[in-house]
Asks: 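Following this message is one structure expressed as structure tokens.
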Amino acid sequence: MDVKGGNVSQRRTLVHWFRKGLRVHDNPALLQVFEVARAAPQNYSVRAIFLLDPGILDWLQVGANRWRFLQQSLCDLDKQLRELNSRLYVVRGKPVELFPQLFERWHVELLTYESDIEPYAVQRDAAVQKLAAAHQVKVDTYCSHTIYNPEVVMARNLGKAPITYQKFLGIVEKLKLPKVRGRPEKLPEEVQPSEDSLESTDPHVYDCPTLAQLIKRPEELGVNKFPGGETEALRRLEASLRDEQWVASFEKPKTAPNSLEPSTTVLSPYLKFGCLSARLLYQRLQEILARHTKHSKPPVSLVGQLLWREFYYTAAAAEPNFDRMLGNAYCMQIAWQEQPDHLAAWTHGRTGYPFIDAIMRQLRLEGWIHHLARHAVACFLTRGDLWISWEEGQRVFEQLLLDQDWALNAGNWLWLSASAFFHQYFRVYSPVAFGKKTDPTGAYIRKYVPELAKYPANCIFEPWKATLSAQREYGCVLGVDYPQRIVNHDVVHKENIKRMSAAYKVNREVRTGKQEDEEEDDKTSPELTGKRKAKSIKSGVAAKRRR
DNA sequence: GGTTAGTTGATATG
DNA sequence: CATATCAACTAACC
């Protein structure tokens, strides 16, 4: 132990850094700090920190609802920690600038945190590790955001991420499950740090951010249907698991994307921020399935849903360009088109397709939409109707989805646009027929697109079928009160299947290095121009792959 | 090289 | 409600 200033012994500080993993249950990195402190309380102080970089408010794609979820999660975390004789210290600034100061100011001996595979986090964490080493600070990290460590899964697959779900399943079935940890025991009073130089000038310097500090445009705040935080996460967990018959027989494709209340658990936002441990959820599900001999299985079961998350995390961990088309080894190179008007219409629920618009408006308002609803709008934006890049849709989801998780968001967009993992591009969702199956009367559309509320069931999914006089009678004239459809699905989806076929052919040629058909040539044909563009884009990736 | 399976399509038909 | 057809993809496996 250090002795400074002659006779006063200086306590060393143990720091746990929260990033994702905003919980006290099943948090091995937090647990380590607590256990070290409890073993020698006379030597240590404990500080649990969250770093808030005011700069990221400008460049991060985070909408108001998502900021609110984070703010609520931090407040709840602070509350949980206070019950354990600790608290959350929210420190404002950039990690690489802050850590050297914190190491000095607090005499830090140990730093722990949960590992993360996102490229931004990987880079940041490497820099922090270097700084820690320079300051003689020990760093311990734990993989607890996912059930399985992506590195371990890859090691069991010749060092590569499995690219089919079944292959992935085969690998993880043979892996040991992590031990789920409980809530830490209360810290002894004496490890609470005494106030530092900053706190003595401003006692609120480390307080949780207020909503006003995080949200620039409060008018964008929607309904607070899914409040953030561990307390709410655990409440929702219990509520979701109460009906064991429902849990055991769950099949995702049989749940409705357009019910008025969610037909699934909506645990995803809590998993994303780590308010709920995926490992705990997995354990709880297994306990229930053990009591029900007949139960659904992956990929459609609830366990299957959790494993999809693991699947995408593993794939993403191996590809820093996972969220882009260019330079992404998984991704088909497709000459999507920029169409700002159509993109804006899709983004704001003004495509003229009520089912699509209802989904996009629910997303903006509530921050969550059903997985199959995501399929419908993602297919519509990309290969189905608008032929706009999945990266554009990814950006909109990133802003609006409470559960936005880098690996999952990109992975699902790759899937839906048939750019990777899924290849049956001829299966196209109908923006009219798909929603009718589970909501034949259109109640969901009436809720989220209220201007159409008076339309009868027989044309609420396709209002252009109503005559002008009928539209007047229903109080909503197309082109005036609600947009005309921006494309004709019946026509464009067939054209787009042909475009996908052509794009796949080019990608195949690049992959195999072979030309499949005799040289065509009409240099002015727009379709060929598109092909050449895709080909030249792809050659860069092929070169990268070959090395 | 040939066959089969792949989280969740739409439509027509019985 | 089940099945065939549409047109035909890739990855995995034999």
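Lettering follows sequence order; numbering is per chain, from 1. Everything numeric here is computed off the predicted structure, so don't read it as measured data.
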Asks: Using the P atom in both, what is the distance from dA7(C) to dG6(B), to the nearest Å?
Replies: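 So the two P atoms sit 24 Å from each other.
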
Asks: Is the Phe397(A)-Trp413(A) ring centre distance short of 6.0 angstrom?
Replies: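 For Phe397(A) and Trp413(A), the ring centres are under 6.0 Å apart.
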
Asks: What's the closest nucleotide to the Gln166(A) side chain, out of dT8(B), dT7(B), dT10(C)?
Replies: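 Closest of the options to the side chain of Gln166(A): dT7(B).
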
Asks: Is the distance from OP1 or OP2 of dC6(C) to the nearest side-chain N or O of Arg427(A) less than 4.0 Å?
Replies: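 No.
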
Asks: Tell me which nucleotide among dA11(C), dT7(B), dT10(C) gets nearest to the side chain of Thr164(A).
Replies: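 Closest nucleotide to the Thr164(A) side chain: dA11(C).
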
Asks: Students often get this wrong, so: under 4.0 angstrom with heavy atoms, is Phe426(A) touching a base, only sugar-phosphate, or nothing?
Replies: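 Base contact - Phe426(A) has a heavy atom under 4.0 Å of at least one base atom.
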
Asks: Report which part of the nucleic acid Phe421(A) touches: base, sugar-phosphate, or nothing (heavy-atom distance under 4.0 Å, all strands).
Replies: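 Result for Phe421(A) = nothing.
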
Asks: Does the side chain of Leu234(A) come within less than 4.5 Å of Tyr270(A)'s, by heavy atoms?
Replies: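 Side chain of Tyr270(A) against side chain of Leu234(A), heavy atoms only: no contact under 4.5 Å found.
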
Asks: For the side chain of Tyr165(A), starting at C-beta, report the closest nucleotide among dA11(C), dT7(B), dT8(B).
Replies: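 Comparing dA11(C), dT7(B), dT8(B) against the side chain of Tyr165(A), the answer is dT7(B).
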
Asks: Between Pro162(A) and Ile497(A), which is nearer to the 5' end of DNA chain C once each is assigned its nearest nucleotide?
Replies: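 The residue closer to the strand's 5' end, by nearest nucleotide, is Ile497(A).
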
Asks: Surrounding CD of Gln123(A) (heavy atoms of other residues, nucleotides or ligands, distance under 6.0 Å), is the total greater than 12?
Replies: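 12 or below, so no.
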
Asks: Under 4.0 Å: is that the gap between some side-chain N or O of Gln424(A) and OP1 or OP2 of dA7(C)?
Replies: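 The answer is no; no side-chain N or O of Gln424(A) sits under 4.0 Å from OP1 or OP2.
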
Asks: Using a 5.5 Å cut-off between ring centres and planes within 30 degrees, is Tyr504(A) stacked on the base of dC9(C)?
Replies: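 So no, this residue does not stack on that base, at least one cut-off failing.
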
